[in-house]
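Below is one structure, written out as structure tokens, with a few remarks after it.
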Protein chains: 4
Amino acid sequence: MIKVDTSSFVPIYEQIKKGFKKEIFRQDLKPHDPLPSIRDLATELLINPNTVARAYRELEMEGFIYTKKGKGCYVSDDSTQRMTEERKSILARTFDDVIEEAKKYSLNPDEIKKFFEERLARSLEGTKRGE
Amino acid sequence: MIKVDTSSFVPIYEQIKKGFKKEIFRQDLKPHDPLPSIRDLATELLINPNTVARAYRELEMEGFIYTKKGKGCYVSDDSTQRMTEERKSILARTFDDVIEEAKKYSLNPDEIKKFFEERLARSLEGTKRGE
Amino acid sequence: MIKVDTSSFVPIYEQIKKGFKKEIFRQDLKPHDPLPSIRDLATELLINPNTVARAYRELEMEGFIYTKKGKGCYVSDDSTQRMTEERKSILARTFDDVIEEAKKYSLNPDEIKKFFEERLARSLEGTKRGE
Amino acid sequence: MIKVDTSSFVPIYEQIKKGFKKEIFRQDLKPHDPLPSIRDLATELLINPNTVARAYRELEMEGFIYTKKGKGCYVSDDSTQRMTEERKSILARTFDDVIEEAKKYSLNPDEIKKFFEERLARSLEGTKRGE
DNA sequence: GTGGTCTAGACCACC
DNA sequence: GTGGTCTAGACCACA
């Protein structure tokens, strides 16, 4: 399910792109699966169809989806492969960002590690109970 | 040392604000310490002075710094106290975000932990050599 | 000079992209040269700024230009190299299209060749006299 | 044989119209010859019957074909005459367009001629082997 | 002043 | 119904 945070600095169309890339990577969306129609998703997210259209257009330019005019947008054949290529660098960057953030606040690497594991454990508990 | 990533979606003035808040929390900047002049920092970061000015203006509005006209900007008396209030929730939220992100991409908690420690170790190596 | 034919089936933003690619290839635009501002070009072509913006955005995504926020758009360092890569395939496709077109109308390859040279000669005369 | 390029900006119905006009000019389709049925052609081209229907409708409006209700579409009596009127200007324009295009990319007229003949020769080889 | 994002709403090609 | 293009005009970050 795609979510969007309109108060974030990240543009909405980027959040949508990211959302679908994750779904593709997790294989919640498999090759040739249809994406929601532009108008439907726009309605659901309470945003303008043009914004969704831009996200879809860029996903197509990057090769993750393809468009059948008048029919809809579908996940590409080689989408999973593309994601695997992108995934490592995305994750690495995300972790590096948070580490740099944490280093600035707490300095001690052991503290960072401990804090991270604490949050991770907490997050897993939440998952076990449902979510 | 303040750093800025112009390719990030986060506005530059926000990155500057964040940077100083961290320095204040780490007590690298103590009450009544002077901030670099707007022009110097702008020159150093290769950005426009207006952008630095905005960051300083908002830091002042939030009570972290105060301005002596014609002299410069200085860290507030109660700045550290303000930061301690904000800190824990900020860090927890940052970590939770990245964990949620990683869970979406790799699913396995052990993989997340391993990957995190890998990036952390890597980041520490970089630090040893200088930065 | 960029021109646009609003009655063409080719989208305006594509015509603009094509136009700049040609100028770059011909080195009328060299690395780090500024492109006209979005608003200026839109005014000149009597089209909407958003349409120019889309062309610029895609040129940037394809690596031909780069953007300095608040300043303008500039030709990339390696733009000429990129064009050289794209050029042969573009030209080949264009010629193949017209040959297929001509074959369907006149059948005889010699006629095609003769007709082509006739038009080419005619076009060159026009060029000599000025244009 | 009608071909269609779905990735082209030219609307599919236009490509179909163009295709039949060429067949009529080449007299592959003579007056009172039947056109393929809308459904058959749509199936063959993997497109929607409505698209074929539109092409036929416009060809009829332009006088190239006529329709017998319940039977099908047929080439008009005076279709060849119509084509001969249109032909020369169409071909000349097509060639002029491609020459102008090539001039913008390669400048040198001899290069243009050489490149054209190269593509022409290549295209003829392809034809000999079948296509 | 610049470009970037987003909205609202039009028209078109195609299913 | 679908997506694609374009317009008009708003607000924001940045120079």
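Please read all numbers here as calculations on a predicted model, not as lab measurements. Order of the sequence lines fixes the chain letters, A, B, ..., with proteins taken first and strands second; residue numbering starts at 1 for each chain.
- With both pairing distances under 3.5 Å, E:dA8 is matched to F:dT7 as a Watson-Crick or G-U wobble pair.
- For C:K22, the NZ atom counts as densely surrounded, since its 6.0 Å shell holds more than 12 non-hydrogen atoms of other residues, nucleotides or ligands.
- Dashed line: the shortest gap from a side-chain N or O of A:R54 to OP1 or OP2 of E:dC6 is not under 4.0 Å.
- Geometrically, D:R54 engages D:Y13 in a cation-pi contact defined by less than 6.0 Å to the ring centre and at most 45° from the axis.
- Each of E:dT7, E:dG3, F:dG3 was ranked by its minimum atom distance to the side chain of A:N50; first place goes to E:dT7.
- Of the listed nucleotides (F:dT2, E:dC15, E:dG3), E:dC15 has the atom at the smallest distance from the side chain of A:K71.
- Look at CG on C:L45: it is 18 Å from P on F:dT5, rounded to the nearest Å.
- Contact of A:N48 with E:dG9 (side chain to base): no donor-acceptor pair of N or O atoms is detected under 3.5 Å.
- Ion pairing of C:R82 with C:E62 is absent here, as no side-chain N (NZ or NE/NH1/NH2) approaches a carboxylate O to less than 4.0 Å.
- When rounded to the nearest whole Å, the span between CD1 of C:I12 and P of F:dT5 equals 11 Å.
- Comment: D:D5 engages C:R93 in a salt bridge, judged by a side-chain N to carboxylate O separation of less than 4.0 angstrom.
- In this structure, D:R57 atom CZ and E:dA13 atom P are separated by 11 Å, rounded to whole Å.
- Atom pair B:I16:CD1 and F:dA13:C1' shows a separation of 12 Å (rounding to whole Å applied).
- Comparing C:Q15 and B:V10 by the nucleotide of DNA chain F that holds the closest heavy atom to each, the one mapping nearer the 5' end is C:Q15.
- Remark: aromatic rings of A:F9 and B:F9 are distant, center separation not under 6.0 Å.
- The phosphate of E:dC14 (OP1 or OP2) has no side-chain N or O of D:Y13 nearer than 4.0 angstrom.
- Remark: P of F:dA13 and NZ of C:K68 are 22 Å apart, rounded to the nearest angstrom.
- Between the CZ atom of B:F9 and the P atom of F:dC14 there is a distance of 13 Å, given to the nearest Å.
- A straight line from CD of C:E58 to C1' of E:dG3 spans 16 Å, rounded to a whole angstrom.
- Look at C:T51 and you won't find any side-chain N or O under 4.0 angstrom from OP1 or OP2 of F:dT5.
- Comparing A:P11 and C:G70, the nucleotide of DNA chain E nearest to each residue sits closer to the 5' end for C:G70.
- As a whole-Å value, the separation of D:K17 NZ from E:dC14 P is 11 Å.
- Relative to the side chain of C:D40, the nucleotides E:dT2, F:dA15, E:dT7 differ in distance, and E:dT2 lies closest.
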